[in-house]
Visitor: 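First the structure, then my questions, so here it is.
Within every chain, numbering begins at 1; the chains are lettered A, B, ... in the order of the sequence lines, protein sequences first and strands thereafter. Reckoned from all heavy atoms, side chains included, excluding hydrogens, waters and symmetry mates. What you are looking at is a predicted structure, and each value in this text was computed from that prediction instead of being measured.
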There are 2 protein chains.
Amino acid sequence: MPHKHVKEMEALKEHLGKHQLKLTRQRELILNAFLRQEHITAEAMYHQLAKADPHLGLATIYRTLNLFCDAGLAQARHFGSQTKYDNVSHKGHHDHLICTGCEKIVEFENEEIERLQEEVAARNGFTIKNHRLELYGLCSSCRH
Amino acid sequence: MPHKHVKEMEALKEHLGKHQLKLTRQRELILNAFLRQEHITAEAMYHQLAKADPHLGLATIYRTLNLFCDAGLAQARHFGSQTKYDNVSHKGHHDHLICTGCEKIVEFENEEIERLQEEVAARNGFTIKNHRLELYGLCSSCRH
DNA sequence: TTGAAATTGATAAACTGTCTCAAAATTATA
DNA sequence: TATAATTTTGAGACAGTTTATCAATTTCAA
C-alpha cells in the first residue's frame, strides 16, 4: 500500500512544494484511499476512513479533496445535492446511458463526441474542464 | 398574460389529473412566471413573484418547481450549491456551455453530436427520449 | 353547497460544505 | 537533535439551500 500511486504522490508533493504546504499523515492516507476510487463523496470517504483513523475529521476530508482538485488529481462534480470527487487518473468514463424504465445505467465513451465538444467550446471561447452527458431512454428489455 | 402558454398549461393539467393533484392559483401563477424564463433558481423566482403575491411561500416555489419537473415541463440542474430549473419547452434541445468562473451559460446545438448520440444508443440497444449535455470550463474572460 | 382530500404558508429541521481556533504536527534552521 | 516558525488538524459552530411539519385554507367531485 505505501508503495502504490507513486506518480500521483509525486504530483502532490510538487504541488505542496510550490505552495508552501506540508505533507501530512492525513494527506497521504486520504490520497491513497482516494486513488482506489473512481469517484466518491467526502462523506463516503469519511466513513470509509473511520476504520483506519477514527479521529480523522470531516473538515479535513473536504479540505484535502479540494486540495487534490487544486493539484489536478481530482475533479469536483455536483451530482444531485452532493459533490462527487472524480479520480482524474481514471477519466473517460463519465458519460451515461440511463434507462427510464428500469433505471439501468450503461457507461460509454465516444472519442468523436468528445472531439466535437472541444470544437463547440473553442468556437465559443471556452476551455473545457469537464463535462456531463446523459442520454435518457428505454433499454431493449424495457421497450417491449 | 392569462392566455399565453396554453400548451404547457394543458400539459400541467394532464399531469395533475393523472396524479389526483389540484390546480391552484399559485401553480398557475408560478407556471406563467416560470415559462417566461429560460432557467431560474427557486430563490430568484421567490423574489420575482413577491410583487405579484407577497405571501407566496418559498416552500411552495420549491414544491411547484419540483412538480413541473415531474410533469416534464422543467429540468433541475445542480450547479455549485444551487439548483437551477430549466424551462424545457423553451427549446427542443438545448445543450449548455457553463463557465465555472462567472457562471455564464451559453446554449448551443450540434447536429453531429446528436447523431453520434443516437449511434451510441443504438449500439447499446437504447431508444433515446431526451438527453442532457453540459460542458464545464472557463470562458475567455475568466481564463485570464 | 358540502366535505374529503390536497395545498398552502410559516417556520423548524435536515443536509452539505465552510469557518474558527486552540492544540498538534511538520519543516527549516541551527 | 533541538528549536522555532508555520501549517495543519479536529471538533464543533456556522451558513446556505432544500425539505418536512402542521394547522388553516382551498379545491373539486358529488
Visitor: Decide yes or no for A/F68 and A/Y85: does some side-chain heavy atom of the first lie under 4.5 Å from some side-chain heavy atom of the second?
Guide: no
Visitor: Sort and list the pairs that fulfil salt bridge (charged side-chain N to carboxylate O under 4.0 Å, His left out) and have at least one residue in residues 52-79 of chain A, not counting sequence neighbours.
Guide: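 Output for this query lists A/R25-A/D53, A/R77-A/D86.
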Visitor: Taking atom C1' of C/dT18 as reference, at what distance in whole Å does atom CG of A/L65 sit?
Guide: 14 Å
Visitor: Atom CD1 of A/I61 and atom C1' of D/dA11: how far apart are they, to the nearest Å?
Guide: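 The answer, rounded to whole Å, is 14 Å.
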Visitor: Taking CD1 from B/I30 and P from C/dT7, how many angstroms apart are they, rounded to a whole number?
Guide: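 Taking atom P of C/dT7 as the reference, CD1 of B/I30 is at 13 Å.
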Visitor: Would you call A/R115-A/E111 a salt bridge at under 4.0 Å N-O?
Guide: no
Visitor: Summarise protein proximity over nucleotides 17-30 of chain D in one line of letters, 5' to 3': B for base, S for sugar-phosphate only, - for none, counting protein heavy atoms closer than 4.0 Å.
Guide: SSBBB-----BS--
Visitor: Could you tell me how far apart B/R27 (CZ) and C/dG9 (C1') are, to the nearest whole angstrom?
Guide: 14 Å
Visitor: Just how far, in rounded Å, is C1' of D/dG16 from OH of B/Y46?
Guide: 15 Å
Visitor: Rounded to the nearest angstrom, tell me the gap between atom CG in A/D70 and atom C1' in C/dT18.
Guide: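 These atoms are roughly 15 Å apart.
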Visitor: Given atom CZ of A/R77 and atom C1' of C/dG17, what is their separation to the nearest angstrom?
Guide: 19 Å
Visitor: Would you say B/T60 places a side-chain N or O within less than 4.0 Å of OP1 or OP2 belonging to C/dG9?
Guide: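 So the side-chain polar atoms of B/T60 do come within 4.0 Å of the phosphate oxygens OP1 or OP2 of C/dG9, strictly under.
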Visitor: Is the ring pair B/H39/B/H96 parallel, tilted or perpendicular, if the boundaries are 30 and 60 degrees?
Guide: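 Because their plane-to-plane angle is over 60°, the rings of B/H39 and B/H96 count as perpendicular.
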Visitor: Looking at A/H55, I'd like to know whether one of its side-chain N or O atoms comes within less than 4.0 Å of OP1 or OP2 on D/dT9.
Guide: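 No, because none of the side-chain N or O atoms of A/H55 sits under 4.0 Å from OP1 or OP2 of D/dT9.
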Visitor: Evaluate the side-chain proximity of B/E114 to B/E109: yes if any heavy-atom separation is below 4.5 Å, no if none is.
Guide: no
Visitor: At what distance, to the nearest 0.5 angstrom, does NE2 of B/H47 lie from OG1 of B/T41?
Guide: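 Output value for this atom pair is 9.5 Å.
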